[in-house]
Amino acid sequence: MTRLIEGRGLAAGFGGTDVLSGVDFHIDAGEIVTIVGPNGSGKSTLMRLLVGAVRPRSGTITRAPGLRLGYVPQKLSIDPTLPLTVTRFLDLPRPSPRAKKAAMMERCGITDLTHHPMTGLSGGQYQRVLLARALLVQPQLLMLDEATQGMDQRGSAGFYALIEELRRDLGLAVLMVSHELHVVMSASDRVICLNGHVCCEGTPEIVRSAPEYRALFGTGTQGTLALYRHEHDHSHDHAGGDGHDHGHDHAHHHGQGHHAHAHAHADKHADPAEPAE
């Protein structure tokens with residue numbers, strides 16, 4: 001499987017404060033990977049590192065030669081006084097052939113918005129326009145930074161269904177930042193919980209069943225809600241080693257010809273003996 005982006009030992013911050021440290025990350029062709037974590041955990045910073053908008057303080061990022069990225073930001077501010085229609089917006093920063101724009105607008109369900117002003121769009125319409133614009137570069141990797149923020153549940157579900165359809169039909173990889181964990185568990189090939197460092201990582205099934213994950217977040221629906229609210233308020237023992245006193249669990253899953261690997265980190269105060277469901 002082709003590796004599209006790989007980061008090793010990534011650290012980043014602003015004004016002398018580290019937002020991320022020691023982060024390893026990769027995504028392969030055709031994968032859907034979702035990053036979750038509390039506010040301020042470094043999710044958007046990691047996305048900016050990967051897209052090249054921010055330079056890491058330390059660590060390395062390797063991208064596949066000629067990698068094409070499509071990026072849908074969390075929000076994009078447009079001057080409301082600009083008479084910018086949807087079709088003109090899709091021509092930024094460079095014009096696209098009319099047939100190509102029409103095809104992407106149809107795929108994203110916005111053909112009726114061609115001449116609509118950008119400032120008059122609803123939240124869901126706006127994000128679908130941003131998605132169509134990202135798809136015009138024919139990306140190998142589509143990156144979505146909380147792209148459903150502000151949508152209602154129905155709009156969000158429709159948007160994620162479209163993302164899965166795009167992955168299936170176009171063969172692109174998808175990297176998402178999301179707070180909607182019910183979607184994460186159903187739509188992702190891998191889930192990464194981030195809070196300045198990687199707390200746990202793996203397929204949704206493995207992460208959900210890992211003892212360390214259960215010790216941190218509980219089980220079932222309550223565990224999902226706990227992960228949504230997770231502040232990861234814990235102390236690390238910096239006396240030796242890599243500075244983190246973590247327990248480690250490696251779980252392996254074999255199925256459909258692939259090998260999945262989960263790497264979960266348990267806080268030293270968590271009870272690893274919590275019973276399974």
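Keep in mind that the numbers below use all heavy atoms, side chains included, and drop hydrogens, waters and symmetry copies.
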*asked:* Show me the pairs that pass side chain to side chain donor-acceptor pair (under 3.5 Å) and involve residues 52-61, at least two apart or across chains.
replied: Asp18-Arg57
*asked:* Counting C-beta onward and ignoring hydrogens, is there a side-chain heavy-atom pair between Leu141 and Leu50 closer than 4.5 Å?
replied: no
*Going from CZ on Phe159 to CG on Leu144, what distance comes out if it is rounded to the nearest 0.5 angstrom?*
5.5 Å
*Output yes when a side-chain donor or acceptor of Arg3 lies under 3.5 Å from a complementary backbone atom of Ala29, and no otherwise.*
no
*Give a yes or no on whether Leu170 and Ile32 share a hydrophobic cluster (residues Ile, Leu, Val, Met, Phe, Trp, Tyr; joining criterion: side-chain heavy atoms under 4.5 Å apart).*
yes
*asked:* Any heavy-atom pair between the side chains of Leu113 and Gln125 that's under 4.5 Å?
replied: yes
*Nearest heavy-atom neighbours spanning Gln138 and Arg68*: O-NE, 2.6 Å
*Return the set of residues passing side chain to side chain contact (heavy atoms under 4.5 Å, CB included) with Val54 (not counting sequence neighbours), or none when no residue passes.*
Arg48, Leu49
*Minimum-distance pair of heavy atoms, taken over all atoms of Leu92 and Arg133*: O-NE, 2.9 Å
*Leu131 side, atom CG; Tyr126 side, atom OH - distance, nearest 0.5 Å*: 14.0 Å
*asked:* Once rounded to the nearest 0.5 Å, what's the spacing between atom CZ of Arg63 and atom CD of Gln140?
replied: 13.0 Å
_Tell me whether the count of non-hydrogen atoms from other residues, nucleotides or ligands lying under 6.0 Å of CZ in Arg154 goes above 12._
no
*May I ask you to test the Leu142-Met176 pair for a side-chain heavy-atom distance under 4.5 Å?*
no
_Heavy-atom check, side chain of Thr2 versus side chain of Asp28, under 4.5 Å_ = no
*Which atom pair, heavy atoms only, marks the closest approach of Val191 to Ser188?*
CG2-CB, 4.1 Å
*asked:* In the structure I gave you, are the side-chain heavy atoms of Thr119 and Leu84 within less than 4.5 Å of one another anywhere?
replied: no
*asked:* Quick check on side-chain contact (heavy atoms from CB on, under 4.5 Å): which of Arg128, Met104, His116 does Ile110 satisfy it with?
replied: Arg128
_Rounded at 0.5 Å granularity, tell me how far OG in Ser44 sits from CG in Asp145._
3.5 Å
_If we ignore hydrogens and angles and just use 3.5 Å, is the side chain of Asp91 paired with the main-chain N or O of Arg94 as donor and acceptor?_
no
*Measure across Arg190 and His26 and return the closest heavy-atom pair with its distance rounded to 0.1 Å.*
NH2-O, 2.5 Å
*Checking side-chain contact (heavy atoms from CB on, under 4.5 Å) against Ile5, which of Leu175, Val51, Leu69 comes through?*
Leu69
*Decide side chain to side chain contact (heavy atoms under 4.5 Å, CB included) for Val36 and Ile192; before the verdict, give the C-alpha distance in whole Å, the side-chain angles of both, and the deciding distance to 0.1 Å.*
CA-CA 6 Å; Val36 299; Ile192 298 170; over 6 Å; no
*Count the heavy atoms belonging to other residues, nucleotides or ligands that lie under 6.0 Å from CD of Glu165, then report whether that count exceeds 12.*
yes
*What about Val137 and Val86, same hydrophobic cluster or not, with Ile/Leu/Val/Met/Phe/Trp/Tyr joined at side-chain heavy-atom distances under 4.5 Å?*
no
*Could you walk me through whether Phe14 and Thr45 pass side chain to side chain contact (heavy atoms under 4.5 Å, CB included), step by step?*
CA-CA 10 Å; Phe14 307 95; Thr45 299; 3.7 Å; yes
*Any side-chain heavy-atom pair from Leu136 and Lys100 closer than 4.5 angstrom?*
yes
*asked:* Looking at Arg8 and Glu6, is any side-chain nitrogen of the basic one under 4.0 Å from a carboxylate oxygen of the acidic one?
replied: yes
*Could you tell me whether the side chain of Ser178 reaches within less than 4.5 Å of the side chain of Tyr160, counting heavy atoms only?*
yes
*Non-hydrogen atoms of Asp79 and Thr81 that approach each other most closely*: OD1-OG1, 2.7 Å
*asked:* When you compare the side chain of Leu46 with that of Ile35, does any pair of heavy atoms fall below 4.5 Å?
replied: yes
_Taking Leu76 as the starting point, is it possible to reach Met118 by hopping between hydrophobic residues whose side chains are less than 4.5 Å apart?_
yes
*Pair Cys108-Leu135, side chain to side chain contact (heavy atoms under 4.5 Å, CB included): steps then yes or no*: CA-CA 10 Å; Cys108 294; Leu135 292 172; 3.8 Å; yes
_Heavy-atom closest pair, residues Ala173 and Ile27_ = CB-CD1, 4.3 Å
*How long is the span from the OG1 atom in Thr34 to the CG atom in Asp189, to the nearest 0.5 Å?*
8.5 Å
*Give a yes or no answer on whether the side chain of Asn195 reaches the backbone of Ser41 with a donor-acceptor pair at less than 3.5 Å.*
no
*If you measure from CG on Leu90 to CG on Leu130, what distance do you get to the nearest 0.5 Å?*
9.5 Å
